[in-house]
Amino acid sequence: MWFNKFAGRSCTDCHGESLTEAGQHNRTAKPIAPMAPSVNALRLTDEKKIEKWFLRNCKSTLKRACSLQEKADVLAWLKEQ
């Protein structure tokens with residue numbers, strides 16, 4: 001899911017191809033800390049933040065909310081990075 005294009009957008013557009021490196025928001029140019037918990041100890045530690053960003057990013061990228069299964073798959077994959 002992370003690398004797939006949805007209506008011309010993908011997660012990698014802002015987060016980058018390597019989850020161990022910082023990304024950058026396409027529109028605002030705001031830096032995004034690495035997504036990989038192995039290099040960013042703060043990733044995946046706050047449930048409210050996780051839900052907030054899933055809501056925003058899924059609607060922005062997929063044009064819909066992510067399903068529970070999609071969220072679980074992405075979180076499991078991220079934890080391995």
Side-chain angles (χ1 to χ4, degrees):
M1 180 175 171
W2 190 266
F3 299 98
N4 293 341
K5 290 280 186 186
F6 301 91
R9 293 185 65 151
S10 77
C11 301
T12 61
D13 290 346
C14 293
H15 294 284
E17 294 282 332
S18 174
L19 300 178
T20 60
E21 297 177 14
Q24 183 178 33
H25 191 277
N26 279 349
R27 193 181 46 175
T28 65
K30 180 181 175 184
I32 300 172
M35 291 297 294
S38 62
V39 297
N40 183 355
L42 297 178
R43 278 292 180 219
L44 309 179
T45 59
D46 184 328
E47 284 185 49
K48 286 183 181 184
K49 281 186 180 181
I50 292 169
E51 195 56 43
K52 169 188 167 181
W53 289 110
F54 263 124
L55 180 64
R56 285 187 185 181
N57 290 336
C58 290
K59 285 188 175 184
S60 171
T61 303
L62 305 176
K63 305 298 183 217
R64 63 173 173 80
C66 285
S67 70
L68 290 176
Q69 186 62 56
E70 289 169 328
K71 291 177 188 179
D73 290 346
V74 169
L75 288 172
W77 180 73
L78 285 172
K79 286 181 180 182
E80 294 175 358
Q81 305 305 308

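Along the sequence shown, residues carry numbers from 1.
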Apply side-chain contact (heavy atoms from CB on, under 4.5 Å) to Ile50 and Lys71, showing your working. CA-CA 10 Å; Ile50 292 169; Lys71 291 177 188 179; over 6 Å; no
May I ask you to check whether over 12 heavy atoms, not counting those of Lys5, lie within 6.0 Å of atom NZ?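 Count over threshold, so yes.
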Could you tell me whether Arg64 atom CZ has more than 12 heavy atoms of other residues or ligands within 6.0 Å of it?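 Count over threshold, so yes.
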Indicate the atoms forming the closest heavy-atom contact of [X] with [Y], along with that distance.
X     : Y     : result
Thr20 : Ser38 : CG2-OG, 4.4 Å
Leu44 : Leu75 : CD2-CD2, 3.5 Å
Ile32 : Gln24 : CD1-C, 4.1 Å
Asn40 : Ala33 : ND2-CB, 3.4 Å

What distance separates Cys11 SG from Phe6 CZ, expressed to the nearest 0.5 Å?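 Between atom SG of Cys11 and atom CZ of Phe6 there are 7.0 Å.
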Once you measure the plane-to-plane angle for His15 and Trp2, does it fall in the parallel (<30°), tilted (30-60°) or perpendicular (>60°) bin?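 Correct class here is tilted.
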Verify same cluster id: [X], [Y] (apolar side-chain graph, 4.5 Å):
X     : Y     : result
Leu68 : Trp77 : no
Phe54 : Leu42 : no
Met1  : Met35 : yes

Does Thr61 reach the main-chain N or O of Ser10 with its side chain, forming a donor-acceptor pair under 3.5 Å?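 Judged by distance alone, no pair lies under 3.5 Å.
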Is there a donor-acceptor contact under 3.5 Å from the side chain of Arg9 to the main chain of Lys63?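 Flag not set: sc Arg9 to bb Lys63 has no pair under 3.5 Å.
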Pairs touching residues 12-61 that satisfy disulfide (SG to SG under 2.5 Å), sequence neighbours left out: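 Checked against disulfide (SG to SG under 2.5 Å) - neighbours excluded - the pairs reaching residues 12-61 are Cys58-Cys66.
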Lys52 side chain reached by Arg56 side chain, heavy atoms, under 4.5 Å: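 With C-beta onward as the side chain, the pair touches.
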Check side-chain hydrogen bond (donor to acceptor under 3.5 Å, both in side chains) between Asp46 and all other residues, then give those that pass, not counting sequence neighbours.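 With sequence neighbours excluded, Asp46 shows a side-chain hydrogen bond (donor to acceptor under 3.5 Å, both in side chains) to no residue whatsoever.
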